[in-house]
Amino acid sequence: MKIKVLVDNNASVKLKGEWGLSYYIEDEGKKILFDVGTSDLFIKNADELGIDLMDLDYIVFSHGHFDHTWGLPHLIRRYMEQGIEKDDRPIFVAHPLAFYPKYNVTDKENGSLIGVEEIKRHFNTKFTKIPLKLTENITYLGEIKRINNFEGQNILGKYYKDGKYYDDYMIDDTALVYEKNHEIIIITGCSHSGICNIIENALYYSQGNNIVDLIGGLHLINPESDIINKTLDYIKSKSIEKIHPCHCTDLKSKIELSSVANVCELSVGSILKY
């Protein structure tokens, strides 16, 4: 498997970054775009890196917040400009609730610019709560079971569906797990469901028990002491070899994580090979 970082808060010298996340993933001849950042920057960086986003098998979304979805209209426009029809576009994979209107705790809209029906018009879709195998080695985890009582418990705003507003616990938040030879690599977007919950789900739905790497946003920005301490204890107990924290993980949390695992830097342009 190969992962190329198209969008992150941090960037290498020749590429640009923004508040958001997008990865290009290759495995066994399959090509996956995981999230699309906040703007068309993921397309510009992909062009700079020589990546053809018109040749994808899957587009997968970790959840429905703006910093992971707002780039989508720009990608749809490029498909239309190049005359690529719906059936020749990648399969679109996400949780069923990811693309309903979302609002943060101050009632500011912070979800996708386009909704479910518009997405279905442009792509063949698999909106699913259950795990879905994308390649021989990569599984979309679907809805993350909230096992721990110290994370993934807070209301993060509201979402609007069928004429009603509902408390948003971000149950659409999910991740990918790569498994080979009983070793696993976990790829996250923001980990609103809780990074320890995600790890538990990845272990449950795979045959692996050795976590080689944990890559992505960990939703650790000024975390409460109880959350960071229990997260550190949990990660230490799993003997995770490496962590590539990015996006929604602050510097202090990265430093604390380095006390229990080998924390590695990640930025736009980074390439990880396994």
Side-chain angles (χ1 to χ4, degrees), residues 1-7 15-16 18 20-102 109 111-143 159-162 172-176 178 187 189 268:
M1 178 180 67
K2 184 186 293 185
I3 301 173
K4 297 182 180 180
V5 181
L6 302 183
V7 173
L15 299 171
K16 294 181 179 180
E18 67 180 6
L21 184 141
S22 179
Y23 296 149
Y24 173 76
I25 303 169
E26 294 180 332
D27 181 54
E28 300 292 333
K30 297 293 185 181
K31 300 169 183 178
I32 301 166
L33 180 64
F34 183 69
D35 289 346
V36 293
T38 308
S39 69
D40 64 345
L41 183 63
F42 77 104
I43 297 176
K44 293 176 180 177
N45 285 338
D47 289 343
E48 188 73 28
L49 293 168
I51 296 169
D52 183 6
L53 295 180
M54 299 297 97
D55 183 25
L56 296 170
D57 295 286
Y58 294 99
I59 298 173
V60 181
F61 277 84
S62 64
H63 65 298
H65 276 158
F66 75 96
D67 46 342
H68 298 254
T69 66
W70 276 12
L72 186 57
H74 301 283
L75 185 61
I76 291 172
R77 177 175 177 174
R78 180 168 283 202
Y79 282 126
M80 295 174 70
E81 288 174 342
Q82 296 196 12
I84 299 174
E85 301 295 331
K86 177 179 177 178
D87 288 343
D88 294 321
R89 298 174 189 177
I91 296 171
F92 192 99
V93 180
H95 187 281
L97 291 179
F99 289 90
Y100 286 94
K102 289 181 176 292
E109 194 167 1
S112 171
L113 293 171
I114 59 178
V116 174
E117 294 308 315
E118 182 75 359
I119 291 170
K120 287 180 178 179
R121 187 168 73 85
H122 289 286
F123 297 96
N124 292 312
T125 61
K126 292 187 177 181
F127 288 107
T128 176
K129 295 181 180 181
I130 63 175
L132 176 67
K133 210 163 184 60
L134 303 178
T135 74
E136 184 65 27
N137 305 313
I138 298 176
T139 300
Y140 160 88
L141 287 176
E143 190 167 307
Y159 69 90
Y160 184 78
K161 183 176 183 290
D162 299 332
D172 54 297
D173 179 78
T174 187
L176 302 177
Y178 171 89
I187 305 166
V268 177

Beyond-backbone contact of I76 with F123, side-chain heavy atoms, under 4.5 angstrom: yes
Distance col, row T139:OG1 vs L132:CG, nearest 0.5 angstrom, shows 8.0 Å
F61 side chain near V36 side chain, heavy-atom distance below 4.5 Å: yes
Rounded to the nearest 0.5 angstrom, the OG-NE2 distance for S112 and H68 is 12.5 Å
Exercise: identify the closest heavy-atom pair between L49 and V5: CD1-O, 4.3 Å
Taking every non-hydrogen atom, the tightest pair across G189 and S62: CA-OG, 3.5 Å
Note, V268 side chain near K16 side chain (heavy atom, < 4.5 Å): no
Taking the side chain as every heavy atom from C-beta outward, state whether I25 and L134 have any pair of such atoms under 4.5 Å apart. no
Heavy-atom distance under 4.5 Å between the side chains of P90 and Y79, does that happen here? yes
So, for G142 and T174, which heavy atoms are closest and what is the spacing to 0.1 Å? O-OG1, 2.6 Å
Ignoring hydrogens and geometry, is there a side-chain-to-backbone donor-acceptor pair from E48 to L15 under 3.5 Å? no
With side-chain contact (heavy atoms from CB on, under 4.5 Å) as the test, would you mind laying out the steps for I32 and Y23 before giving the verdict? CA-CA 8 Å; I32 301 166; Y23 296 149; over 6 Å; no
Is it the case that the side chain of K86 and the backbone of K120 share a donor-acceptor pair, with hydrogens and angles ignored and the cut-off at 3.5 Å? yes
Taking the six-membered ring for Trp and the full ring for Phe, Tyr or His, determine whether the centres of Y140 and Y58 are under 6.0 Å apart. no
For the atom pair CD1 (I187) and CG (D35), what is the distance rounded to the nearest 0.5 Å? 11.0 Å
Do T38 and F66 have side chains that approach each other closer than 4.5 Å (heavy atoms only, starting at C-beta)? yes
Between the side chain of D52 and the main-chain N/O of M54, is any donor-acceptor distance below 3.5 Å? yes
Can you find a pair of side-chain heavy atoms, one from L72 and one from I119, that are under 4.5 Å apart? yes
How far does CG of D47 sit from CG of L53, to the nearest 0.5 angstrom? 7.0 Å
Look at the side chain of T135 and the backbone N and O of N137, then say whether any donor-acceptor pair between them is shorter than 3.5 Å. yes
Give a yes or no on whether the backbone of D40 and the side-chain of W70 come within a donor-acceptor separation of less than 3.5 Å. no
From D57 CG over to K31 NZ, what is the distance, rounded to the nearest 0.5 angstrom? 7.5 Å
Here the gap from T125 atom OG1 to F92 atom CZ, rounded to the nearest 0.5 Å, amounts to 8.5 Å
Can we say R78 and E81 salt-bridge, meaning some charged N sits less than 4.0 Å from an Asp/Glu carboxylate O? no
So which heavy atom on F42 is nearest to which on S22, and how close? CB-OG, 3.8 Å
Quick one about D172 and H95 (side-chain donor to acceptor, distance below 3.5 Å, no hydrogens or angles considered), yes or no? no
Determine the minimum heavy-atom distance between V7 and L41, stating which atoms define it. CG2-C, 4.4 Å
Nearest heavy-atom pair of H74 and S39: which atoms, and what distance? CD2-C, 3.8 Å
